[in-house]
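See structure below.
We name chains A, B, ... by the order of the sequence lines, and we start the count at 1 in each one.
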Protein chains: 2
Amino acid sequence: MSQKRQRLLDTALTLFYQNGINSVGINEILAVSGIAKRTLYIHFPSKDALVFAALQQRHDIFIAWLKQKLANTKSTNEVIHSLFSALESWFSNQEAELGPFRGCFFINTSAEFSDINSDIFNFCHHHKQQVRQVIADHLISNNSELLEAMCIMKEGAIVTAHLCGSGKEVTANCIKILEKLETS
Amino acid sequence: MSQKRQRLLDTALTLFYQNGINSVGINEILAVSGIAKRTLYIHFPSKDALVFAALQQRHDIFIAWLKQKLANTKSTNEVIHSLFSALESWFSNQEAELGPFRGCFFINTSAEFSDINSDIFNFCHHHKQQVRQVIADHLISNNSELLEAMCIMKEGAIVTAHLCGSGKEVTANCIKILEKLETS
DNA sequence: AATAGAGTAGACAAATCGGTATACTTTTGT
DNA sequence: ACAAAAGTATACCGATTTGTCTACTCTATT
């Protein structure tokens with residue numbers, strides 16, 4: 001609807017993802033976006049509401065990105081390769097839509113919001129379920145053990161790439177491991 | 001040395017781990033520990049120094065806990081079982097030394113401190129390397145692919161248990177997957 | 001041309017942040 | 001026993017936090 005609202009949201013998401021939510025104040029978002037404080041509080045009743053909207057925005061972007069990466073996969077092996085190649089590309093900052101890699105926004109956010117019953121923490125959980133579903137939809141065979149393995153290794157790869165910075169080796173190892181599982 | 005210093009550190013670690021570092025103020029730590037502000041700043045020059053000391057404390061506790069859990073393992077298979085049984089026990093709050101489970105303190109902390117070159121972020125990286133080394137020391141065979149798989153799945157399991165709350169199924173799946181890898 | 005809605009700039013409020021200073025008391029080592 | 005070190009309580013500092021308020025401007029539609 002409003003282009004100001006959208007610019008606010010884009011700026012907030014970028015800053016939140018890059019620096020962590022608690023480290024980014026409302027005033028910084030206003031300064032970077034060049035929008036007045038009053039305008040922000042017309043569109044979002046509170047910072048938490050802005051955070052929640054940013055999470056939704058990131059969720060939509062990530063799911064769309066993932067679906068596109070998994071499109072046209074015609075076998076389990078192709079899903080494995082497409083998924084972890086995409087992750088590797090993300091880790092090495094070659095996915096413009098996702099911004100400079102700094103781990104998973106939802107893992108990071110759930111680390112800052114400790115209340116397990118809050119809307120924000122709940123949405124992080126919901127996001128992970130949705131991602132799992134997208135992967136599941138692309139697996140022809142109903143191999144739930146392989147699906148589980150892919151999801152666990154995906155989280156492990158994201159965390160490892162973020163903390164240890166070795167993106168390429170990690171994803172290559174994941175592919176190798178999952179291929180062994182697939183054919184066993 | 002000083003018992004006050006230790007109490008400060010224990011309180012800080014508990015609160016930081018449970019609520020996130022940026023969500024816990026100096027004053028809260030003082031109120032809970034019942035120690036004067038002046039005393040804190042005698043022992044720690046800044047909040048960041050306290051955070052760093054808390055990370056070191058957690059590191060020592062975690063490494064000791066892990067070594068104990070992996071002690072007396074006599075085969076690769078036993079390492080797999082000991083490691084992921086221990087994790088499952090942690091996830092379901094049965095490991096008093098580690099406190100109520102709220103993910104990995106180092107993953108959580110690195111989510112809050114975005115500067116990759118800071119001492120704090122660096123220590124989180126260092127911790128993960130040390131954990132990997134402890135696991136490696138218990139593997140008789142020099143199977144680096146299995147080691148890598150165990151580390152990736154360990155991170156994946158921690159994140160998944162925290163965000164999705166399904167501790168038991170996750171670790172059971174990890175064990176199943178790793179056993180397949182081991183014997184292939 | 002008039003009016004309503006969206007936006008701006010910035011002062012302001014109340015709370016909280018990390019950190020310092022002061023004046024005093026307790027503990028500890030020799 | 002005495003002196004140094006450690007600890008307490010509390011006031012205070014400047015900066016920063018989210019959020020409110022006022023007064024003004026721009027723009028679009030009827």
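Across all non-hydrogen atoms, the minimal contact from B/F84 to B/I175 is CB-CG1, 3.6 Å. Of all non-hydrogen atoms in A/I21 and A/K47, the two that sit nearest each other are O-NZ, 3.3 Å. B/L9 approaches B/F44 most closely through the heavy-atom pair CD1-CZ, 4.0 Å. When all heavy atoms are compared, the tightest approach of B/N19 to B/V24 is CB-CG2, 3.8 Å. In terms of heavy atoms, B/K67 sits closest to B/V134 at CG-CG1, 3.9 Å.
Within the 4.5 Å cutoff, no side-chain heavy atoms of A/L98 are placed close to those of A/Y17. Contact of the A/R132 side chain with the A/M150 side chain is not registered, since no non-hydrogen atoms from C-beta on lie closer than 4.5 Å.
For residues 111-125 of chain A, the set of pairs meeting the side-chain hydrogen bond (donor to acceptor under 3.5 Å, both in side chains) definition, not counting sequence neighbours, comprises A/N22-A/E112.
Relative to the six-membered ring of A/F106, A/R58 misses at least one condition, a distance below 6.0 Å or an angle of at most 45° to the axis.
On the nucleic acid side, DNA chain D has its first and last nucleotide under 4.0 Å of a heavy atom of chain B at D/dG7 to D/dA9, going 5' to 3'.
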Enumerate donor-acceptor pairs with a distance under 3.5 Å from any side-chain N or O in residues 31-43 of chain B to protein atoms, sequence neighbours excluded.
from  : atom 1 : to    : atom 2 : distance (Å)
B/S33 : OG     : B/I29 : O      : 2.8
B/S33 : OG     : B/L30 : O      : 3.4
B/K37 : NZ     : B/N27 : OD1    : 3.1

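Computed from C1' positions of five pairs at each end, the angle between the two local axes of the helix from C/dA1-D/dT30 to C/dT30-D/dA1 equals 20°, rounded to 10 degrees.
B/F91 has its ring centre less than 6.0 Å from the ring centre of B/F101.
Within 6.0 Å of CG in A/D137 there are more than 12 heavy atoms belonging to other residues, nucleotides or ligands.
Residues from residues 15-31 of chain A that place a heavy atom under 4.0 Å from any atom of DNA chain C: there are none.
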Dump the pairs, protein N or O against N or O of nucleotides 6-10 of chain C, anything under 3.5 Å, distances to one decimal.
from  : atom 1 : to    : atom 2 : distance (Å)
C/dG7 : OP1    : A/S2  : OG     : 3.1
C/dG7 : OP2    : A/H43 : NE2    : 3.1
C/dT8 : OP1    : A/K4  : NZ     : 3.2
C/dT8 : OP2    : A/A36 : N      : 3.3
C/dT8 : OP2    : A/T39 : OG1    : 2.7

